[in-house]
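Read through the structure below, which is laid out as structure tokens, and then see the notes.
This structure is a prediction, so every number in the text was calculated from the model and none was measured.
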Amino acid sequence: MKVINLRLHYPHCQQDKLVEVSEEVFDVLCQSVREMRNYERRKRYHRAFYSLDAFDWTENYALEHSPSPEQLVMLAEERAERDRLVAALREALAYATPTQARRLCAYYLGGLTQQQIADRERVHNSNVCLSIRRGLCNLRRYYTDHPQGK
């Protein structure tokens, strides 16, 4: 029989607790400690020298800890604010014509140029430019009539 200290193997134990265990259990505990140390050593070695995705989102995602309760609350508030702004934008785009709304979304949210929009819709570039300007005027008119987007 071997004697082990449970505090060394279980982090929630605050005090030393010496327990007698059989040889098989002792061997399994020693083997698990060795495997964890080897894993940490390999992880550190490969991350330092051979990681092709160093500072990439996959590695950071695997290594980061779960967010704190404060961060979860902040994320929920940001998501609620974003949803409110998206709803206000949809409501404002309802005051523009469907063509103007489609072109405004493609230009400002989709990141397309006016020429790309014109090529996609098979119209002249000046028509797209005029449509975007008039759509912005409609949005401006909407926001002057509804200051909070309500």
TODO: Treating Ile, Leu, Val, Met, Phe, Trp and Tyr as nodes and any side-chain heavy-atom pair under 4.5 angstrom as an edge, say whether Leu130 and Leu136 lie in one connected cluster.
DONE: no
Task: Polar side-chain atom of Glu121 near backbone of Ala118 as donor-acceptor pair, under 3.5 Å - done: no
- [ ] Could you state whether Leu75 and Val73 fall into the same hydrophobic cluster, counting links through intermediate Ile, Leu, Val, Met, Phe, Trp or Tyr residues with side-chain heavy atoms under 4.5 angstrom apart?
- [x] no
TODO: Look up atom CZ in Arg82 and atom CG in Leu85, then write down how far apart they are to the nearest 0.5 Å.
DONE: 9.5 Å
Open item on the list: Just to verify, what does Glu35 make a salt bridge (Lys or Arg N to Asp or Glu O under 4.0 Å) with, not counting sequence neighbours?
Closed with: none
TODO: Give, for atom CG of Asn127 and atom CZ of Arg103, the distance between the pair rounded to the nearest 0.5 Å.
DONE: 6.5 Å
Task: Ala101 versus Ala96, closest heavy-atom pair with distance - done: N-CB, 4.3 Å
TODO: Supply the atom-to-atom distance Leu112 CG to Arg120 CZ, rounded to the nearest 0.5 angstrom.
DONE: 5.5 Å
Task: Arg140: side chain to side chain donor-acceptor pair (under 3.5 Å) partners, not counting sequence neighbours - done: none
- [ ] Could you tell me which non-hydrogen atom of Ala88 sits nearest to which non-hydrogen atom of Tyr143, and how far apart they are?
- [x] O-OH, 3.9 Å
Task: Spacing of OG1 belonging to Thr97 relative to CG belonging to Asn138, to within rounding of 0.5 Å - done: 7.0 Å
Task: Ion pair check, Arg37 and Glu40, cut-off under 4.0 Å - done: no
- [ ] Look at the side-chain heavy atoms of Ile, Leu, Val, Met, Phe, Trp and Tyr, link any pair under 4.5 Å apart, and say whether Val21 and Tyr10 land in one connected group.
- [x] yes
Task: Check: Gln31/Arg34 side-chain N/O donor and acceptor closer than 3.5 Å - done: yes
Task: Same apolar cluster: Leu8 and Val33, side chain cutoff 4.5 Å - done: no
Task: Gap between atom CD1 of Ile132 and atom CD of Gln100 - 0.5 Å precision - done: 10.0 Å
TODO: Indicate, with yes or no, if Leu139 and Leu109 share a hydrophobic cluster defined by side-chain heavy-atom contacts under 4.5 Å among Ile, Leu, Val, Met, Phe, Trp and Tyr.
DONE: yes
Task: Rounded distance [0.5 Å steps], OG in Ser131 versus CG in Leu104 - done: 7.0 Å
Task: Working for side-chain contact (heavy atoms from CB on, under 4.5 Å), residues Lys2 and Glu20 - done: CA-CA 5 Å; Lys2 298 276 189 168; Glu20 283 189 14; over 6 Å; no
Task: Under 3.5 Å: donor-acceptor pair, side chain of Asn5, backbone of Asp16 - done: no
Open item on the list: Less than 4.5 Å apart, side chain to side chain, heavy atoms only: is that true for Val19 and Val3?
Closed with: no
TODO: State which residues pass ring-ring contact (aromatic ring centres under 6.0 Å, His included) with Tyr95; sequence neighbours excluded, sorted by chain then number.
DONE: Tyr142, His146
TODO: Compare all side-chain heavy atoms of Arg102 with those of Thr99 and state whether any distance is below 4.5 angstrom.
DONE: yes
TODO: Step through the shown structure and confirm whether more than 12 heavy atoms of other residues, nucleotides or ligands are within 6.0 Å of CZ on Arg134.
DONE: no
